[in-house]
Student: 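Sharing a structure below in structure tokens format, with a few things to ask.
Computed from a predicted model, the values in this text were never measured in an experiment. The figures that follow rest on heavy atoms only: side chains count, while hydrogens, waters and symmetry mates do not. Lettering follows sequence order; numbering is per chain, from 1.
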Number of protein chains: 4
Amino acid sequence: MPEALRIGVIGAGRIGRIHGENIARFIPQARLEGIADIKLTGEQEAWAKGLGVRLVSKDPEDLLKDPAIQGVVICSSTDTHADLIIAAARAGKHIFCEKPIDLSVPKVKAALEAAKQGGVTLQIGFNRRFDHNFAHIRELTLAGEIGSVHIVKITSRDPAPPPPAYVAVSGGIFIDMMIHDFDMARFQAGSNIAEVYACGAVLADPEIGKAGDVDTALVSLKFDNGAIGVIDNSRKAVYGYDQRVEVFGSRGAAAAENDLPSTVKLSNEKGVSGEKPLYFFLERYRDAFINEMTAFVDAALDKKPAPVTGEDGLENMYAALAAAKSLKEKRPVTLQEIRDQY
Amino acid sequence: MPEALRIGVIGAGRIGRIHGENIARFIPQARLEGIADIKLTGEQEAWAKGLGVRLVSKDPEDLLKDPAIQGVVICSSTDTHADLIIAAARAGKHIFCEKPIDLSVPKVKAALEAAKQGGVTLQIGFNRRFDHNFAHIRELTLAGEIGSVHIVKITSRDPAPPPPAYVAVSGGIFIDMMIHDFDMARFQAGSNIAEVYACGAVLADPEIGKAGDVDTALVSLKFDNGAIGVIDNSRKAVYGYDQRVEVFGSRGAAAAENDLPSTVKLSNEKGVSGEKPLYFFLERYRDAFINEMTAFVDAALDKKPAPVTGEDGLENMYAALAAAKSLKEKRPVTLQEIRDQY
Amino acid sequence: MPEALRIGVIGAGRIGRIHGENIARFIPQARLEGIADIKLTGEQEAWAKGLGVRLVSKDPEDLLKDPAIQGVVICSSTDTHADLIIAAARAGKHIFCEKPIDLSVPKVKAALEAAKQGGVTLQIGFNRRFDHNFAHIRELTLAGEIGSVHIVKITSRDPAPPPPAYVAVSGGIFIDMMIHDFDMARFQAGSNIAEVYACGAVLADPEIGKAGDVDTALVSLKFDNGAIGVIDNSRKAVYGYDQRVEVFGSRGAAAAENDLPSTVKLSNEKGVSGEKPLYFFLERYRDAFINEMTAFVDAALDKKPAPVTGEDGLENMYAALAAAKSLKEKRPVTLQEIRDQY
Amino acid sequence: MPEALRIGVIGAGRIGRIHGENIARFIPQARLEGIADIKLTGEQEAWAKGLGVRLVSKDPEDLLKDPAIQGVVICSSTDTHADLIIAAARAGKHIFCEKPIDLSVPKVKAALEAAKQGGVTLQIGFNRRFDHNFAHIRELTLAGEIGSVHIVKITSRDPAPPPPAYVAVSGGIFIDMMIHDFDMARFQAGSNIAEVYACGAVLADPEIGKAGDVDTALVSLKFDNGAIGVIDNSRKAVYGYDQRVEVFGSRGAAAAENDLPSTVKLSNEKGVSGEKPLYFFLERYRDAFINEMTAFVDAALDKKPAPVTGEDGLENMYAALAAAKSLKEKRPVTLQEIRDQY
């Protein structure tokens with residue numbers, strides 16, 4: 001058995017801890033070697049020690065300088081991602097970075113270039129590709145079970161809207177929320193997106209409208225390979241986290257329903273009822289987070305291409321920018337138009 | 001196209017009207033020629049005329065004497081079934097008779113013998129074999145899709161208990177209600193029943209207990225072909241008419257869920273809910289009633305064996321009698337023990 | 001009980017016969033009084049006589065002139081609809097007309113005006129509103145179960161493409177096929193459509209492309225009431241007739257799955273499989289055809305507004321024309337732009 | 001936060017490792033302190049060290065003598081369970097013991113008595129009560145959602161038969177396999193079992209018959225509280241591990257379907273198909289194993305009663321012995337008859 005990949009996690013917030021624990025518990029071929037957080041609390045330090053982490057620091061640089069650490073997982077705030085990628089790439093560390101890479105295309109490009117120059121693995125945290133349901137649809141497609149892809153339909157609705165303060169700095173629904181779905185659409189279609197047309201409305205929460213965003217959006221898609229598709233988002237599905245995908249093709253269709261806490265059905269005078277979808281994204285995508293990190297570790301160890309590349313991150317961002325422009329200008333927008341701006 | 005089978009219906013109550021209308025509307029190879037009911041009302045007469053029936057009478061004999069009528073559908077009260085079968089058989093009419101043939105085994109045997117002597121088709125109204133769900137399970141079994149049958153499980157629950165007065169004269173839950181399920185069990189197993197063991201309790205309606213019956217029953221089955229099975233009955237399923245069958249075999253299993261008024265699912269804060277099963281047996285088995293009558297007409301016209309014979313009726317009755325005895329004597333009872341009594 | 005509505009059916013093709021039989025068999029408050037078909041065959045005549053129809057003719061005028069006939073059901077070829085509506089309205093007959101009214105907006109308007117002048121009931125054959133699944137969704141919405149409508153999603157795919165010769169004269173996928181879905185969208189949203197944006201492709205059948213049409217289409221919708229939506233169509237779903245609707249709102253969502261021939265699931269080494277959707281539209285919408293005709297008869301008898309009016313037909317047509325224009329001009333098109341052309 | 005419960009695991013086979021890893025990874029209020037296995041391999045030792053276990057030994061006595069260890073998890077071979085319970089109880093350790101306690105009732109009784117004398121927590125490994133599906137049914141029942149329990153139905157089928165050599169020493173299908181279902185039946189009914197009647201057959205694997213056992217069994221149940229029920233077992237369900245429960249009561253019914261690897265449905269020309277049930281019991285009950293151990297730790301720490309007691313283990317054993325006797329003697333057998341033998 002080869003040596004395990006020694007990993008440092010930068011940012012010990014919610015998602016950083018998830019990744020840290022997954023590495024420590026579930027990925028035998030990786031070892032959680034360091035944790036850094038610029039605002040490290042005593043509680044975070046205790047948590048890191050409890051996981052047997054050797055190097056706990058307030059300075060991410062400490063991880064990058066440590067020769068034993070081979071890879072970093074960047075979970076700090078979005079505005080630090082690009083710089084950390086560049087620094088890590090220069091330090092020769094493999095990089096797993098949470099999405100989005102940055103809100104600025106030039107900074108994203110610079111980060112991608114740095115990773116390329118550094119010859120390191122760079123994987124972006126689009127975890128849903130690793131979900132058991134959505135991955136299985138893709139497997140069926142790749143196995144030829146649905147023939148060539150004609151239509152991709154993605155339903156993606158959050159259980160409750162974020163605070164207006166968050167919305168104001170989020171970059172908007174397309175870059176903050178639908179970017180996951182653009183990635184899913186590209187993944188399922190096996191193609192980049194050629195054009196989008198966006199409809200949006202403030203129907204769920206007027207505060208979101210005041211913050212300058214929409215809370216309900218529907219984007220139709222044309223893919224480079226000729227397929228078409230649609231994504232719908234809502235910030236507020238009262239029945240919970242609604243995450244479904246359907247791919248329709250020349251030889252069939254594959255569709256994934258939501259995951260539920262149990263399969264139990266209750267029959268009574270009112271009807272037959274089952275459970276609501278798993279409510280919290282960390283629960284819904286529990287295994288997807290493990291799977292994506294496992295894939296990153298394997299890619300780094302085996303010098304294979306990352307399954308979700310920096311280019312994927314960039315393309316997803318182009319789609320989000322095109323959708324925002326489409327909504328604003330009330331016309332279909334090609335991704336080439338966006339690409340050409342940079 | 002050959003001449004249609006000319007049919008007279010005896011008994012213009014609820015089920016008689018269903019059969020009459022089905023013959024008139026849905027079975028081109030049959031013609032509703034006569035209606036007889038010993039208590040014929042003006043409203044029934046108007047209904048018959050509305051269907052274009054030529055011969056409407058208070059005397060079933062009028063149908064039996066009419067040379068143009070080739071078959072009769074017996075829907076009168078149970079105590080008249082056996083005598084009418086005998087009379088119809090002597091008159092050379094094909095016979096469809098509602099279940100049960102009679103509550104007395106010797107009278108059933110006499111009726112079967114008469115039909116045999118008369119060389120006429122005799123079909124008993126075990127309609128559930130013709131249900132789209134249950135028939136499809138049997139088709140899958142006959143096509144080899146589940147291999148040899150190992151276990152048959154039947155759930156059969158009524159939405160609401162009958163009036164105690166009805167219970168008192170019904171012959172008890174096994175002969176009144178579970179007899180349909182014994183027929184289904186034999187149909188799905190492709191075998192007669194060798195032995196039953198019955199559990200029963202008064203859990204749903206104390207009035208049924210006062211009437212000397214149980215309202216909840218579970219009967220385990222051994223079939224002649226080595227398979228095993230179970231039937232459960234309740235007189236009161238608050239969520240509606242619960243009619244499900246599962247057949248498990250060496251190569252797979254086939255199971256039928258309930259039919260619903262619509263496929264709609266409502267997702268809200270409480271959960272995800274769908275409709276209750278179709279509540280009323282005439283609605284649930286609407287098409288099964290048409291299908292069984294079509295099969296009778298075809299059997300009579302083509303001189304093929306009836307799909308549900310008098311012997312089926314007798315075997316179902318033996319099973320019901322064995323179950324009643326098992327419950328009373330708290331021991332497994334073989335059907336041979338019952339058969340040997342007659 | 002009031003007198004039954006006496007109805008004449010014009011056009012004895014497939015759909016004319018369905019309506020004729022439904023009237024004769026299932027609608028006690030209606031009577032099938034006449035059948036007219038300009039190419040009446042002996043077989044059609046025999047069918048009409050078998051249903052007890054009094055007046056069978058090659059000339060629709062015979063029905064319109066017959067004073068006993070109170071309503072007509074127009075099932076002749078599309079190019080005759082508008083003229084027949086005008087003639088029937090002038091004759092004071094209530095009118096049920098199959099969709100589309102006409103391919104020309106001015107002719108549609110003339111027909112609507114004639115019906116209005118005649119003071120007769122005019123109902124258009126958008127039967128899907130009367131489907132048990134889709135009607136139940138609307139009932140839930142009207143009962144407040146999903147709150148205000150935010151998103152309407154309609155999946156509508158045919159099992160097999162029509163012959164290219166048909167496609168060439170059909171008016172195209174939007175007017176021929178998606179018009180049903182525009183009606184469904186308006187019905188479920190409880191609102192007219194404000195704007196459409198159409199994506200389309202030739203993915204299923206190159207012959208359709210040669211005939212100048214697309215076989216796969218996806219149209220995003222903005223409704224007058226602020227809701228948004230999407231319809232997707234394919235001419236070829238290999239698994240059968242795919243007809244699903246989902247309505248998402250502020251308090252929940254309601255979604256209808258396909259109807260199946262049976263509820264049976266087969267579990268074997270390969271997986272757990274169920275039946276394909278009902279394949280044929282006449283089977284899928286069997287009860288919807290009965291329900292829409294019953295609603296027409298009731299509206300005519302009770303002098304209530306028709307549940308699907310001529311204006312509905314016109315609005316659905318505007319949506320189809322806007323979608324066709326959107327596809328051609330690669331831009332969103334408002335319905336007002338279309339309305340203003342006429 | 002109180003001190004964590006320090007646990008030693010006896011037996012480092014498949015199930016011992018599962019429990020050990022669950023304690024180490026998922027139960028913060030417990031610490032995996034020791035591992036003992038009389039045939040400890042180097043590989044097992046390395047595994048234990050990897051989990052940070054302090055005390056690794058070939059002698060279970062070492063765990064019992066260690067004053068720091070507060071509880072033991074007994075996963076050694078069945079014939080050692082009773083003696084280890086007795087020794088652990090005398091050493092004052094809390095005890096989690098895999099099922100069955102022993103194949104001899106007197107030895108089970110002696111073990112239970114020892115635990116009682118020792119004043120320690122004793123929990124038996126009937127893990128299925130902790131399954132998300134089955135626990136949810138029980139919660140619904142306890143919440144009054146189905147009223148009083150009338151009928152309990154349990155389907156429990158293994159994907160593939162065990163080797164004949166295993167069958168020969170297993171104690172037979174009732175003690176080896178159905179004992180889990182007797183526990184589930186008692187759990188769901190909220191009552192002990194009063195009487196059983198068993199049907200059994202060799203239908204799946206003749207080798208099992210040669211080993212003196214049956215491979216297909218169906219047992220009807222009468223509970224002390226008046227409810228009735230049925231369990232069916234097969235050693236070979238080709239579609240996978242089939243674990244379903246249905247509870248029917250006066251106010252409704254609750255039923256759990258199987259867990260699947262994904263929710264994906266594939267629609268193609270053959271039909272609509274989904275995945276087979278999770279095949280392997282360690283996967284199906286992954287979380288149930290964590291939940292039962294968490295419950296044990298909490299019971300031991302909080303000095304609460306164990307959720308599955310030694311008495312539960314004994315009652316389940318009585319049910320299995322009664323079923324075996326029923327099958328042999330072809331008659332219903334009361335549990336009191338079995339209890340009275342000891």
Student: Roughly how far, to the nearest 0.5 Å, is NZ of D:K265 from OG of C:S273?
Tutor: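 The OG atom of C:S273 sits 10.0 Å away from the NZ atom of D:K265.
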
Student: Quick check: closest heavy atoms across D:V238 and C:N268, and the distance to 0.1 Å?
Tutor: CG2-CA, 4.4 Å

Student: Are there residues of residues 148-173 of chain C that reach to under 4.5 Å of chain D by heavy atoms, and which ones?
Tutor: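 So no residue qualifies.
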
Student: Tell me whether C:K276 contacts the main-chain N or O of D:E269 through its side chain, where contact means a donor paired with an acceptor under 3.5 Å.
Tutor: yes

